[in-house]
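Written below as structure tokens is the structure these notes are about.
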Number of protein chains: 2
Amino acid sequence: MARVRISDVAAAAGVSTATVSLALNDQDARIPEATRERVRRAAAEVGYTPNSVARGLRTQRTRTIGLISDRIATTPFAGRMLSGAQDVAREHGYLVFLVDTDADPTVEREAIRALADQQVDAMIYACMWHRVVDVPASLPRRSVFLDCRPAQGGFPAVVPDDRAGGVAAVRELVAAGHRRIAYVDVDEPHPPVASGLRHDGYLEVLAEAGIEPDPALHVRGDTSSAGGRRAADQLLDLPEDRRPTALFCFNDRIAAGAYVAAHRRGLRIPQDLSIVGYDDQQLVAADLDPPLTTVALPHYEMGRWAMEVALGIRTPDDTGAAHLVPCPIVDRDSVGPPPATAASDSRRRT
Amino acid sequence: MARVRISDVAAAAGVSTATVSLALNDQDARIPEATRERVRRAAAEVGYTPNSVARGLRTQRTRTIGLISDRIATTPFAGRMLSGAQDVAREHGYLVFLVDTDADPTVEREAIRALADQQVDAMIYACMWHRVVDVPASLPRRSVFLDCRPAQGGFPAVVPDDRAGGVAAVRELVAAGHRRIAYVDVDEPHPPVASGLRHDGYLEVLAEAGIEPDPALHVRGDTSSAGGRRAADQLLDLPEDRRPTALFCFNDRIAAGAYVAAHRRGLRIPQDLSIVGYDDQQLVAADLDPPLTTVALPHYEMGRWAMEVALGIRTPDDTGAAHLVPCPIVDRDSVGPPPATAASDSRRRT
DNA sequence: TCCAGGTGTTTAATCGATTTAGCACGTGAC
DNA sequence: GTCACGTGCTAAATCGATTAAACACCTGGA
């Protein structure tokens, strides 16, 4: 059961360990093909695979990456982000250490130290929601920020283009003919960056469409179905001439709440009310009735980008700004033209 | 920027590297406390932390664990399982390598090799759905199966107690007074083990309540909202005297589909129809209207158990059988007594 | 003949820790 | 005085690779 060492291969091939190493790593041009082949055959015969720990000690490169994330457990996004990072790592023969800090600074500090002690070649500092974070004191220079921006700058970072996503969502509604479009925002201070940027996009489209923004159409709720329902109720309670015909929701859960609010009043989607969400959470957006038109968060792509930069395969633009990844809109069935008459049927069901 | 080595500490403390190692690791009783303290102070002063790669090479124990999982990306369960494993590892100073194989056997083989080359102390082989898997040929002896059972046996394994979960769910419905209880199953071959065990639990409770199982009440659909809806429609289309008053659904997504089917017919939950799900997916169960009573999958606990066994902190029972973790029922608002008269209002809405 | 240069391979240092064996010194017993 | 033993520490081997330097041998040119 003892592992096969390079010296076993050397013995089997009748050469020194140096020759084995050189041959297997295609290093020294002076070694003739015949010897290489003999060594390769011997290695295969005895079932040799190099000990990465020993190699890492000698070469000072371990081909491992540390991925530190806050709250992996409770978010549905983590998987896609990990997956993107993971795929790139695998394609290049790297292994990734995953540490979930649960947003605890002590755990975070210790994790960074443990990863540094393991001599990881680089670290990725990932957040599950787009936001601005303080750079941990001991973070090594070779680090990349994923789905967050370092407050102090100085590191490559990748985040979703939330502003452009907001633009896409609201443009979709304007194109369908809506003029009274509400933004159902999340209440502070949850993910201030994403929220603000999406709102910017919203305002930008209103401006380009010549629509005066109505402060009454910007409401907030907590990021849950119940929160979305309450916020939507607030909008749907507005007098008929001020009531929105379309809702742009901060996320899909909030949109799901808006569905409930609408259904409870007998409003049909999209005939009586159009709704656009954000995040494209499979288990929410696609399962709603009707399926929700939403803006997808490019977690997989962001994960890939971060790992590519971490591995040095890709060099970030030297602007110092975070790299923006587009958020594609996913068209489903929750957007339609506004009702011909400002919705005159506000019948209620208990 | 060069890392501090043990020889730097030795120089600073005026002793040999052997003494530093012995002192910092509390190894040799002959070293007096005064020297130990001097070494510790010197280490702190120069900012020394041991190089885990070098230590791993020398001690043949790396304090790392490899966690291999199929499809982390697309499941909401991965997080909690990882989190449980992760927490135990962290508590004991271990780091975990995560590899997502995407259920590709080639990737899996290479991942096992890469992890073995990295000299991980143990591996955890995790599935995202409870099922039986073939043991990969090169899997090391020190491996634990998480949320799956090794077909060939011989390894510790931990899985949810799906039969008991089925029992709990159906008992809840029987206790509420239901006699016509349907099982909305998933169609093969997705996760055959979980499905069969939950069905066993279902039959067990019917038997103990003296209810004759009706084959018409066991339907199947794919594991999606749409699949659940179709399957539920099939049940609700039954003639009034054979129609179920309660649905036990294989999972929460299917239950969500059943909600849609019920709502479309104007059936209220739980007044006209009681529903119990499985999985306790936060984004589905809690956000439904009304919130769904369901059976929780103990992913966090299973993750902990697997890691504890991997680290040798816990020894599995020597029965050779998989360790069963209970699935607690989560009471919300989707279960009530059956309608007084067998639901006479089957009005439909377009 | 001698040397330069090429070819094929090996020797030995190295990465940064841990750990065994043993050295140097002092003390107490006989 | 000698020996056994305890105390405090160190020298050196070791883990399993990589790699710079060097060695042995051969060929061809001056």
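So that the names make sense, note that chain A is the first sequence line, chain B the second, and so on, each numbered from 1. Because only heavy atoms are used, hydrogens play no part in the values below, and waters and symmetry mates are left out as well, while side chains stay in.
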Could you walk me through whether A:Val99 and B:Leu95 pass the side chain to side chain contact (heavy atoms under 4.5 Å, CB included) check?
CA-CA 7 Å; A:Val99 183; B:Leu95 241 27; 4.1 Å; yes

Between A:Glu45 and A:Arg40, is there a salt bridge with N-O shorter than 4.0 Å?
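Result for this pair is no, no salt bridge flagged.
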
Check for a donor-acceptor pair, side chain of A:Asp28 on one end and backbone N or O of A:Leu22 on the other, with a separation under 3.5 Å.
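The answer is no, because no donor-acceptor pair under 3.5 Å joins these two groups.
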
Between atom CZ in B:Arg63 and atom P in C:dA17, what is the gap in whole Å?
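Computing the B:Arg63:CZ to C:dA17:P distance gives 16 Å.
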
Find the distance B:Gln60:CD to C:dA17:C1' and express it as a whole number of Å.
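About 12 Å, once rounded to whole Å.
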
For DNA chain D, which residues of residues 23-47 of chain B approach it to below 4.0 angstrom with any heavy atom?
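The stretch gives B:Asp28, B:Arg30, B:Pro32, B:Thr35 as the residues lying under 4.0 Å from the strand, ordered by number.
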
Near DNA chain D, counting only heavy atoms under 4.0 Å, which residues of residues 15-22 of chain B show up?
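The answer is B:Val15, B:Ser16, B:Ala18, B:Thr19.
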
Salt bridge (charged side-chain N to carboxylate O under 4.0 Å, His left out) partners of A:Asp318, counting only residues at least two apart:
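Partners of A:Asp318 by the salt bridge (charged side-chain N to carboxylate O under 4.0 Å, His left out) criterion come out as none, since no residue qualifies.
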
For B:Arg63, enumerate each residue passing the salt bridge (charged side-chain N to carboxylate O under 4.0 Å, His left out) test, keeping only those at least two apart in sequence or located in another chain.
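Partners of B:Arg63 by the salt bridge (charged side-chain N to carboxylate O under 4.0 Å, His left out) criterion come out as none, since no residue qualifies.
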
Mind checking whether B:Tyr125 and B:Phe145 have parallel, tilted or perpendicular rings, split at 30° and 60°?
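Because their plane-to-plane angle lies in the 30° to 60° range, the rings of B:Tyr125 and B:Phe145 count as tilted.
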
Compute whether any side-chain donor of one residue and acceptor of the other, for B:Thr101 and B:Asp70, lie under 3.5 angstrom apart.
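No donor-acceptor contact under 3.5 Å links the two side chains.
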
With a 4.5 Å limit on heavy-atom distance, are the side chains of A:Arg304 and A:Glu91 in contact?
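When only atoms from C-beta onward are counted, A:Glu91 and A:Arg304 do touch, with a gap below 4.5 Å.
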
Can you give me the closest heavy-atom contact between B:Gln118 and A:Thr62, atom names plus distance?
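Shortest heavy-atom contact: NE2-O, 3.4 Å.
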
Restricting to pairs with a member in residues 9-21 of chain B, which pass salt bridge (Lys or Arg N to Asp or Glu O under 4.0 Å), not counting sequence neighbours?
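Counting only pairs at least two positions apart or across chains, no salt bridge (Lys or Arg N to Asp or Glu O under 4.0 Å) contact touches residues 9-21 of chain B.
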
For A:Arg58 and B:Gly14, take the nucleotide of DNA chain D holding the closest heavy atom to each; which residue's nucleotide lies nearer the 5' end?
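With A:Arg58 and B:Gly14 compared, the 5'-side residue is B:Gly14.
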
Could you tell me from which nucleotide to which nucleotide of DNA chain D, 5' to 3', there is an atom under 4.0 Å from chain A heavy atoms?
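Using the under 4.0 Å cut-off, the span is D:dG16 to D:dA22.
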
